[in-house]
Amino acid sequence: MLFRARRARALQEELAKKVVAEDCFEEAETVGGLDVSYKKGIGCAVLSVLKDGEPVKFLYTISKVPIPYVPGFLAFREVPLYIPLLKEEKPSVVLVDGHGIAHPRGLGVASHVGVVTGVPTIGVAKKRLVGEEGSCEYGKCLFKDGKVIAAILERGKRRIYVSVGHCVSLRTAVEIVKTLWKSRLPEPIRLSDSLSRRLIRQWSP
DNA sequence: GCGACAG
DNA sequence: ATCTTGTCGC
């Protein structure tokens, strides 16, 4: 299938206007984690749900992914897999593997899925996509047009980029991610990453 | 044209 | 992301 970059870009610019960078919830009673693993054109997405730091539910979906990966358009590949999961289960807030507003048009995969489902989301990426690095109230941050677009959290040699997805403030996003970051990735995403990887490996077709 | 480029 | 064995370190 051919990828329409022009239409995709127009949609991102439209949806970017709907992003809310303020908290839309009181307490993060449950925190979800979303990630996808692939194997020959097939993708397996997993939504892990944690309560008080402990996993209480896992949901997954497997289907063909005809959209190629193009930097800046990751959402068109992964959001279709995330939608059914968030339609069935709505955590207080969800950590998404990838950037939120720290994106060329302010609509990374975390913001995209948040806006179309209405679920509060936080972007957690392992690598920078856009922005210049500099110091800020969180230590280091990514700046774009002189504004903070992501906080850089560091643990030894490892670092993760935390950004507003939708319906959450950067301050709250950083606070939530910090309490759940115990190993390579924040717990909700780490669990979804390992489970989706296991499920897609055993997918025989 | 050259380098950068989430997963 | 995925392709892939051994290997260094706690």
Side-chain angles (χ1 to χ4, degrees), chain A residues 1 3 5 8-9 11-13 15-16 19 32-48 60-83 85 94-116 121-133 140-144 148-166 170 173 177 181-186 188-205:
Chain A
M1 178 182 234
F3 177 66
R9 192 177 302 116
L11 176 58
Q12 292 182 323
E13 292 169 344
L15 295 179
V19 172
L34 282 172
D35 192 24
V36 190
S37 288
Y38 303 90
K39 180 182 176 185
K40 304 176 77 66
I42 303 295
C44 173
V46 170
L47 169 61
S48 299
Y60 75 93
T61 179
I62 294 179
S63 68
K64 281 180 285 189
V65 179
I67 307 300
Y69 165 67
V70 179
F73 300 93
L74 173 67
F76 294 87
R77 234 170 106 72
E78 313 199 324
V79 171
L81 293 173
Y82 292 156
I83 291 179
L85 299 178
V94 179
L95 307 188
V96 183
D97 190 18
H99 291 286
I101 63 171
H103 174 277
R105 289 165 291 285
L107 196 86
V109 61
S111 297
H112 192 135
V113 72
V115 169
V116 302
T121 57
I122 295 171
V124 177
K126 298 178 286 298
K127 294 188 297 186
R128 181 193 74 89
L129 174 59
V130 294
E132 314 82 50
E133 202 171 315
K140 294 175 183 172
C141 285
L142 280 182
F143 293 79
K144 186 182 174 189
V148 173
I149 56 173
I152 299 175
L153 270 43
E154 305 184 292
R155 285 199 22 158
K157 184 180 179 180
R158 175 150 272 105
R159 64 160 46 180
I160 54 177
Y161 300 82
V162 177
S163 59
V164 167
H166 180 57
L170 182 58
V177 172
W181 194 21
K182 303 300 180 181
S183 55
R184 194 175 80 82
L185 290 170
I189 291 182
R190 187 185 67 74
L191 291 171
S192 292
D193 178 78
S194 58
L195 180 52
S196 64
R197 193 166 285 182
R198 243 169 36 202
L199 292 172
I200 199 66
R201 260 193 314 166
Q202 312 189 327
W203 195 244
S204 290

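Throughout, a chain's letter reflects where its sequence line sits, starting with A, and its residues are numbered from 1.
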Against the side chain of A:Pro71, the closest entry in B:dA4, B:dA6, C:dT2 is B:dA6
Rounded distance (Å) that lies between atom C1' of B:dG7 and atom CZ of A:Arg184: 12 Å
A:Arg77 has a side chain; which of C:dT2, B:dG7, B:dA4 sits nearest to it? B:dG7
Whole angstroms only, please: what is the CD1-P distance between A:Ile101 and B:dA6? 18 Å
Which part of the nucleic acid does A:Lys39 contact within heavy-atom distance under 4.0 Å: base, sugar-phosphate only, or nothing? nothing
What is the distance from NE2 of A:His103 to P of B:dA4, rounded to the nearest Å? 20 Å
What's A:Gly43 touching, base or sugar-phosphate or nothing? Going by heavy atoms closer than 4.0 Å. nothing
Phosphate OP1/OP2 of B:dA4: any A:Arg128 side-chain N/O under 4.0 Å: no
Among the candidates B:dA6, B:dG7, C:dA1, find the nucleotide nearest to the side-chain atoms of A:Val109. B:dA6
Roughly, in whole Å, what's the span from CG in A:Asp97 to P in B:dA6? 12 Å
If the threshold is 4.0 Å, N to carboxylate O, is there a salt bridge linking A:Asp35 and A:Arg190? no
Indicate whether the side chain of A:Tyr69 and that of A:Glu78 have a donor and an acceptor atom separated by less than 3.5 Å. no
Taking atom P of C:dT4 as reference, at what distance in whole Å does atom CZ of A:Arg201 sit? 14 Å
With a cut-off of less than 4.0 Å, is there a side-chain N or O of A:Lys40 near OP1 or OP2 of C:dC3? no
Side-chain contact, heavy-atom cut-off 4.5 Å: A:Tyr82 with A:Val94? no
Between C1' on B:dC5 and CZ on A:Arg105, what's the gap in Å once rounded to a whole number? 12 Å
Over all strands shown, is A:Phe76 touching base, sugar-phosphate only, or nothing at heavy-atom distances under 4.0 angstrom? nothing
Separation of B:dA6 atom C1' from A:Ile189 atom CD1, nearest Å, is 12 Å
For A:Tyr69 and C:dA1, say yes or no: do the ring centres fall under 5.5 Å of each other while the ring planes differ by less than 30°? no
Close side-chain approach of A:Ser63 and A:Leu81, heavy atoms under 4.5 Å: yes
For residues A:Ser192 and A:Leu34, determine if any side-chain heavy atom of one lies less than 4.5 Å from a side-chain heavy atom of the other. no
Spacing of A:Leu81 atom CG relative to C:dA1 atom C1', expressed in whole Å: 13 Å
